[in-house]
Amino acid sequence: MKLRGPAVLLVSGLIALHATPAAAANILANPGFEAGLSGWTCSATSGAQAVPSPAHGGTQALRATPQGNDHARCQQTVNVRPGTTYQLSAWVQGTYVFLGATGTGVEASTWGAPGGQWGQLRTSFTTGASATSVTVYVNGWYGQSAYLADDVVLDGPGGTPDTQAPTVPGNLAVGGVTGSSLTANWSAATDNVGVARYEVSRDGGAPVAVTGTSHQATGLSASTTYRFRVRACDAAGNCSPYTAEASGTTTAGGGSGGGLPKRVMVGYLHASFANGSGYIRMSDVPSEWDVINLAFGEPTSVTSGDIRFSQCPAAECPNVEPEADFIAAIGAKQAQGKKVLISIGGQNGQVQLTTAAARDTFVRSVSAIIDRYGLDGLDIDFEGHSLYLNPGDTNLAAPTTPVIVNLISALKTLKSRYGAGFVLTMAPETFFVQLGHQFYGPGPNGAADNRSASYLPVIHAMRDDLTLLHVQDYNSGPIMGLDAQYHTMGGHDFHVAMTDMLLAGFPIMGNAANVFPPLRQEQVAIGLPASPNAGNGFTTVAEVQKAFDCLAKGAGCGTYRPRGVYPNLRGLMSWSINWDRYNGLQFARSHRAYLDGLT
């Protein structure tokens with residue numbers, strides 16, 4: 001959180017350009033852009049247009065320009081036949097240009113760097129057994145100049161649009177009861193082409209896509225009744241009506257509320273450094289803050305797993321209190337119902353648990369800090385290169401990359417050691433979470449940044465034990481929301497769009513069969529800078545509260561409309577308590593009063 005900068009995607013490796021193929025049977029509409037952009041859909045900020053020169057063939061070509069994190073994609077969806085091989089090609093100019101296709105069972109892409117002369121990109125794919133359509137796309141890359149594309153060819157037989165919906169699933173029942181989970185089961189639906197997925201809605205909320213005939217809802221509250229319904233959908237997007245609702249009730253015990261109030265304010269305290277905002281003694285932390293995260297515990301080396309924490313040195317913080325007073329003040333805050341956590345990481349604290357030995361050292365050293373200061377739990381604030389995904393690590397529920405697997409194991413061990421009262425929070429950047437809607441690790445061709453969305457498997461694995469997730473809605477580039485539009489930090493729409501993704505769930509890399517499931521409303525808070533000094537993306541009090549009203553009440557929404565209303569949205573996180581005092585306590589006082597006024 002200190003001195004944070006935006007993360008960027010990296011490009012590595014180029015494919016060779018290919019020779020001209022034989023004439024093809026093209027099933028794309030307006031493949032040479034002679035009719036402008038007719039038949040194509042381009043991203044909002046790409047400035048896409050058909051230009052007369054230079055054109056590869058005919059009289060026009062596509063020209064589009066990446067802006068910020070928008071890589072200027074233009075795409076077209078076309079009907080295809082299942083189980084059929086297709087050849088895809090395009091003539092392009094530009095620094096980095098990508099060509100690909102996505103659909104049921106299809107994830108094909110290639111890229112090249114032809115520069116200022118025309119070069120041809122080619123790839124092929126075979127559609128899945130239930131595929132009825134694919135989306136063909138061409139795009140540039142972040143931070144690069146405009147690209148050109150012309151004579152895009154999809155060679156293969158066209159398909160007949162599928163307009164028939166599957167039958168309604170049967171025999172919905174809810175079982176598998178625990179204190180924090182329920183399992184919905186149903187019998188299979190039928191379809192003229194094939195059922196691609198089932199969509200399960202809980203309590204009328206946004207549906208979760210699954211491929212089998214059961215769904216386990218986890219992270220539920222104890223002794224609570226939940227209602228489920230399910231529908232069947234095919235690859236063409238035709239869906240049956242929902243079944244009648246079936247309900248189940250969790251047993252006593254379970255959940256991870258952490259003994260916190262309904263609406264919380266989380267603040268980071270500069271406990272080991274001053275950072276230009278001045279040192280605040282623990283006893284002087286304003287009462288508005290419910291969770292106080294001590295920033296930061298940092299490793300002795302990147303891969304050691306050995307986390308150390310010490311108070312700010314007197315040379316940097318002349319008013320630092322003696323350790324005994326610090327510990328006593330922590331106890332006094334806890335007596336008032338506050339939670340005090342050790343936050344691990346920050347910009348300078350790179351933590352890579354690459355081995356089992358580092359994992360075990362992490363557990364021992366973090367436990368020692370918690371025990372020494374009598375803390376309530378742990379905040380994971382890994383940034384930079386702490387987390388990443390290896391090539392081929394694409395299963396959200398079963399990650400294989402050691403730094404991911406070992407962190408999950410360490411967190412589960414700590415939770416088991418300290419029990420139900422252990423408070424676990426996380427503060428990732430949008431790059432490590434919501435970017436997963438587009439990118440997950442290095443991607444299918446290894447071209448993306450391997451850190452993309454690498455927090456997702458950790459969050460997913462810990463969702464039953466996670467008290468709060470407060471993603472940093474700042475120091476972020478534009479991020480694509482569930483509306484397929486890019487949203488930019490600093491206004492209410494950004495917070496609504498980013499939070500909606502956490503509470504509605506989202507398909508990873510756009511794949512409806514691979515979904516990050518929604519978190520519980522009480523697990524999610526919005527992360528914000530306390531003042532313009534604290535980070536890029538500062539949002540005014542009015543804009544923050546407008547976002548919260550939209551999410552929690554369904555009122556006053558702007559351009560972005562969330563997929564649901566979330567009355568139990570938990571609260572706000574801020575970097576930091578120190579920067580808020582530097583700014584006259586505007587954040588704490590304004591938002592505490594607002595949150596206390598909500599029902």
Side-chain angles (χ1 to χ4, degrees), residues 1-7 266-273 275 291-312 340-354 358-359 361-370 373 375-389 401-411 414-415 423-433 450-459 461-462 466-476 525 527 529 534-535 573-579:
M1 293 218 179
K2 56 181 175 180
L3 305 176
R4 296 185 178 196
V266 181
Y268 284 78
L269 182 68
H270 304 182
S272 62
F273 59 94
N275 199 25
V291 180
I292 304 164
N293 290 333
L294 305 180
F296 288 105
E298 298 182 357
T300 56
S301 68
V302 172
T303 58
S304 70
D306 188 6
I307 307 300
R308 303 295 176 91
F309 170 78
S310 58
Q311 290 176 259
C312 185
V340 185
L341 316 181
I342 180 65
S343 181
I344 306 297
Q347 179 182 356
N348 297 334
Q350 306 293 300
V351 181
Q352 294 180 352
L353 304 183
T354 56
R359 174 201 65 196
T361 300
F362 181 86
V363 171
R364 287 194 300 270
S365 60
V366 170
S367 297
I369 296 170
I370 292 172
Y373 295 96
L375 304 179
D376 296 287
L378 172 65
D379 172 68
I380 298 296
D381 186 20
F382 287 8
E383 301 181 17
H385 292 269
S386 292
L387 296 181
Y388 53 85
L389 291 161
T401 306
V403 295
I404 303 292
V405 174
N406 289 330
L407 177 59
I408 292 169
S409 176
L411 295 178
L414 287 165
K415 174 68 176 181
V423 178
L424 176 64
T425 67
M426 298 182 190
E429 296 166 301
T430 57
F431 176 85
F432 294 101
V433 181
N450 65 354
R451 300 170 297 160
S452 303
S454 55
Y455 250 94
L456 287 182
V458 180
I459 298 167
M462 300 306 299
L466 182 64
T467 309
L468 287 172
L469 176 71
H470 29 66
V471 175
Q472 303 170 40
D473 285 0
Y474 52 96
N475 290 341
S476 170
M573 174 275 278
S574 182
W575 177 259
S576 62
I577 295 171
N578 302 63
W579 281 119

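No hydrogens, no waters, no symmetry mates; every other heavy atom, side chains included, goes into these values. We count residues from 1, following the sequence as given.
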From [atom1] ([X]) to [atom2] ([Y]), nearest 0.5 Å:
{"X": "D379", "Y": "I292", "atom1": "CG", "atom2": "CD1", "result": "13.0 Å"}
{"X": "L411", "Y": "L378", "atom1": "CG", "atom2": "CG", "result": "6.5 Å"}
{"X": "I380", "Y": "L466", "atom1": "CD1", "atom2": "CG", "result": "10.5 Å"}
{"X": "L387", "Y": "S454", "atom1": "CG", "atom2": "OG", "result": "4.5 Å"}
{"X": "T425", "Y": "D376", "atom1": "OG1", "atom2": "CG", "result": "11.0 Å"}
{"X": "I369", "Y": "I344", "atom1": "CD1", "atom2": "CD1", "result": "5.0 Å"}

Evaluate L414 against S367 for side chain to side chain contact (heavy atoms under 4.5 Å, CB included), listing each step before the verdict. CA-CA 8 Å; L414 287 165; S367 297; 3.3 Å; yes
Results of ring-ring contact (aromatic ring centres under 6.0 Å, His included) for Y373 - residues two or more places apart only: F309, F326
Between D381 and Y268, do the side chains contain an N or O donor and an N or O acceptor separated by less than 3.5 Å? no
Is the closest side-chain donor-acceptor distance between T361 and R364 under 3.5 Å?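 Yes, because at least one side-chain N or O of T361 sits under 3.5 Å from a partner of the opposite role on R364.
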Which pair of non-hydrogen atoms, one from [X] and one from [Y], has the smallest distance, and what is that distance?
{"X": "V340", "Y": "L375", "answer": "O-CB, 3.5 Å"}
{"X": "I342", "Y": "G297", "answer": "CD1-N, 3.8 Å"}
{"X": "S386", "Y": "G349", "answer": "OG-O, 4.0 Å"}
{"X": "M573", "Y": "A525", "answer": "N-CB, 4.4 Å"}
{"X": "H270", "Y": "N275", "answer": "ND1-CB, 3.8 Å"}
{"X": "L389", "Y": "S452", "answer": "CD1-O, 4.1 Å"}

Could you tell me if the side chain of N475 sits less than 4.5 Å from the side chain of E383, heavy atoms only?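 No, their side chains stay 4.5 Å or more apart.
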Could you check whether any side-chain heavy atom of L407 comes within less than 4.5 Å of a side-chain heavy atom of F382, counting everything from C-beta outward?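 In short, these two side chains touch, coming nearer than 4.5 Å.
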Suppose we screen for salt bridge (charged side-chain N to carboxylate O under 4.0 Å, His left out). Which residues come up paired with R308, at least two apart in sequence or across chains? D306
Just do the side chain to side chain contact (heavy atoms under 4.5 Å, CB included) check on L269 and N578 with the steps written out, would you? CA-CA 6 Å; L269 182 68; N578 302 63; 3.6 Å; yes
With sequence neighbours left out, what residues match A358 under side-chain contact (heavy atoms from CB on, under 4.5 Å)?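 Testing A358 for side-chain contact (heavy atoms from CB on, under 4.5 Å), a comparison that skips the adjacent residues, returns L353, T355.
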Does [Y] offer a backbone N or O that forms a donor-acceptor pair with the side chain of [X] under 3.5 Å?
{"X": "Y388", "Y": "T401", "value": "no"}
{"X": "S409", "Y": "V405", "value": "no"}
{"X": "T467", "Y": "L424", "value": "yes"}
{"X": "Q352", "Y": "H385", "value": "yes"}
{"X": "S343", "Y": "F296", "value": "no"}
{"X": "S304", "Y": "S301", "value": "yes"}

